[in-house]
There are 2 protein chains.
Amino acid sequence: MTSRPSAEPRDIPEATVARLPVYLRALTTLAEDGVATCSSEELAQATGVNSAKLRKDLSYLGSYGTRGVGYDVAYLRYQIARQIGVTQDWPVVIVGIGNLGHALANYSGFRSRGFRVVALLDADPSRQEEVVAGVDVRPFDDLEAIVEECGVAIGVIATPAAAAQDVADRMVAAGIRSILNFAPTVLAVPEGVDVRKVDLSIELQILAYHEQRKSPHLALTPIEEPAI
Amino acid sequence: MTSRPSAEPRDIPEATVARLPVYLRALTTLAEDGVATCSSEELAQATGVNSAKLRKDLSYLGSYGTRGVGYDVAYLRYQIARQIGVTQDWPVVIVGIGNLGHALANYSGFRSRGFRVVALLDADPSRQEEVVAGVDVRPFDDLEAIVEECGVAIGVIATPAAAAQDVADRMVAAGIRSILNFAPTVLAVPEGVDVRKVDLSIELQILAYHEQRKSPHLALTPIEEPAI
DNA sequence: AGGAGTTTGTGAACGTGAGAACAAAACCGG
DNA sequence: CCGGTTTTGTTCTCACGTTCACAAACTCCT
Ligand SMILES: NC(=O)c1ccc[n+]([C@@H]2O[C@H](COP(=O)([O-])OP(=O)(O)OC[C@H]3O[C@@H](n4cnc5c(N)ncnc54)[C@H](O)[C@@H]3O)[C@@H](O)[C@H]2O)c1
Ligand SMILES: NC(=O)c1ccc[n+]([C@@H]2O[C@H](COP(=O)([O-])OP(=O)(O)OC[C@H]3O[C@@H](n4cnc5c(N)ncnc54)[C@H](O)[C@@H]3O)[C@@H](O)[C@H]2O)c1
């Protein structure tokens, strides 16, 4: 190998970053099932990707496989977790404890995957008497104090769309630099702040688009290819 | 090769399809605000994309703008809605009425965007006495009857991961060909069935990856183990 | 009516990602 | 110790997506 100045953060393509958590989950399942080793083909099957793509993805992390054998499940799992940054716990605040906020607060998948909900915030005083999943709902104005105190870097927005931009602005001002937004709005944030959105309606509309194309021809068998 | 009839269905790139709902939402907001016309630059601002990209996206639908003027908000909005297929209502079933399922059932954004929840299904008999958002929770075994009766093409899975594949199989067998999956599992489905996933943990992990790169002060990764 | 000023639609350049294919590396059985 | 087998890591090519840049098409004002 060319002498790298140590395995320093080579930057990983965005498409690869988005798949690493999927591999991580599959490896966790394999580990729980007592599987010690797996090939790229097996892991590709489990995650629904092409095995060549999987190998290329993993190669961005380093050479953690053994030719002729495959990958050590526990070792690869650790390496991916380390690259993603989920070997440590990330404190998270959730703002907007309505229907969706309640579901998120109760979601056990957070904790088990390296995220810890340190605070639930809501602007509505009547919400603030609640305790959800063992965490007090606190006034939204406590945001800055909590971010400071707990070193929160990731915020989740589950408020109505009308409030989302304001909440985001406050989050950014408080020092949060990564936001997961469930409100159906485009958020404007300064450079250096990452926003990812989860939008139900958009997903359904994408499905509807494809569904619409499928419907007219029930037995749609495109015989476009002129057989050579 | 075959010069296609070049009727309406030119196929739209997947990346464009994913953005059309965002444009649609922005146009709806503009329409509600009484805006009659807007330029690609304005719409691009509102949706957070490059204006050239937006124009190219819209050009796949046809030439609905006017040079020197911009786009007619109401007309463009209708054209996008028609292309996506949300001028009609799509019946949807939700399976798994737990924390998340409740939130989804109560979500008003469905109805207002062309989707109608026609049934809530759960395998747990104790859930089946509930009425959520005016809809009865019914036994999962009613799936086939409901799909048939209401012509359901889109199903939402909000069950635990362990049940998701079974639910998906039943949905496919019942005739559903588009699935939105909230369970953290990779679903295997036959050709012709579309699956989209919404995965909280993956989104957070992607944020964590970038966050980790932003703040080297947390750099716990010391040095690699020397190879060999 | 004509020129000035806008804004669209698109061709071309560029960048990123996917997949096929294969040499290199490791193991295994004799 | 060696040839055969397996599977990785990587290279190459093609497809897709993004952005720039600009002619064409339209409005408005004089
Ligand atoms: N419910 C769903 O399944 C679902 C699905 C997709 C998207 N969404 C979106 O998620 C968001 C929340 O949905 P929901 O159903 O939970 O709504 P909700 O009305 O039940 O809850 C919103 C909560 O946010 C709080 N809030 C309002 N303004 C606030 C502010 N400025 N600061 C802090 N808190 C504030 C409210 O007090 C309320 O408790 C909405 O934007 C909705 O469009 C919801
Ligand atoms: N709660 C969240 O915020 C959240 C976030 C992200 C992902 N998820 C995922 O969404 C899914 C649901 O989460 P939840 O918190 O609502 O879980 P939950 O346990 O509260 O609800 C699951 C529901 O599914 C029902 N169910 C189980 N097996 C079924 C089957 N075979 N057929 C029909 N119904 C069945 C159960 O009776 C229960 O009502 C899980 O896979 C979870 O990982 C949840």
Side-chain angles (χ1 to χ4, degrees), chain A residues 1-4 7 10-20 22-23 26-27 30 35-73 75-77 79-80 83 206 209-210 224-225, chain B residues 1 6 10-20 22-23 26-27 30 35-73 75-77 79-80 83 206 209-210 224 227-228:
Chain A
M1 295 304 149
T2 53
S3 54
R4 271 185 278 126
R10 289 181 287 182
D11 58 328
I12 299 176
E14 198 52 38
T16 296
V17 172
R19 283 187 294 266
L20 289 179
V22 181
Y23 304 151
L27 288 166
L30 287 173
V35 178
T37 278
C38 75
S39 68
S40 64
E41 191 57 56
E42 290 166 322
L43 193 51
Q45 285 275 325
T47 53
V49 305
N50 180 295
S51 70
K53 181 155 66 176
L54 182 136
R55 287 198 299 277
K56 185 178 278 190
D57 283 343
L58 296 184
S59 77
Y60 290 114
L61 313 187
S63 260
Y64 296 133
T66 307
R67 296 175 192 219
V69 177
Y71 300 90
D72 181 280
V73 170
Y75 185 56
L76 181 58
R77 182 177 165 224
Q79 292 299 339
I80 294 179
Q83 279 287 340
I206 295 171
Y209 170 83
H210 292 294
E224 289 175 82
E225 331 213 61
Chain B
M1 171 170 287
S6 80
R10 286 181 286 182
D11 58 328
I12 299 175
E14 197 52 38
T16 297
V17 171
R19 283 186 294 265
L20 288 179
V22 181
Y23 305 151
L27 288 167
L30 288 174
V35 178
T37 278
C38 76
S39 69
S40 65
E41 191 57 56
E42 290 167 322
L43 195 51
Q45 285 274 325
T47 53
V49 305
N50 179 296
S51 70
K53 181 154 66 177
L54 182 135
R55 286 197 299 278
K56 182 159 279 191
D57 283 344
L58 295 184
S59 77
Y60 290 114
L61 313 187
S63 259
Y64 296 134
T66 307
R67 296 175 189 217
V69 177
Y71 299 91
D72 181 279
V73 170
Y75 183 56
L76 181 58
R77 182 175 164 227
Q79 291 300 339
I80 294 179
Q83 278 287 340
I206 294 170
Y209 170 83
H210 293 295
E224 298 299 302
I228 202 173

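In this text, all values refer to a predicted model and were calculated from it rather than measured experimentally. In the text below, chain A, chain B and the rest are named by the order of the sequence lines, each starting its count at 1.
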Whichever of A:T16 and A:V69 has its nearest DNA chain C nucleotide further upstream toward 5': A:T16
Separation of C:dT8 C1' from B:L61 CG (nearest whole Å): 14 Å
B:N50 side-chain N/O to D:dG17 phosphate OP1/OP2 under 4.0 Å: no
Contact summary for B:L76 and B:L43, nearest pair of heavy atoms: CD2-CD2, 4.2 Å
B:T16 side chain to B:D57 side chain, donor-acceptor N/O pair below 3.5 angstrom: yes
Base of D:dT19 paired with side chain of B:K56 (donor-acceptor, under 3.5 Å): yes
Touch class at under 4.0 angstrom, heavy-atom based, for B:A52 against every strand present: base
Distance below 4.0 Å between A:T66 side-chain N/O and D:dT8 OP1 or OP2: no
OP1 or OP2 of C:dG9 under 4.0 Å from side-chain N/O of B:Y71: yes
Nearest-angstrom distance from the residue atom CG of A:L76 to P of D:dT7: 16 Å
Of B:G65 and A:P13, the one whose closest DNA chain C nucleotide lies more 5': B:G65
Among C:dG17, C:dG9, C:dG19, the nucleotide that comes nearest once only the side chain of A:E14 is considered: C:dG17
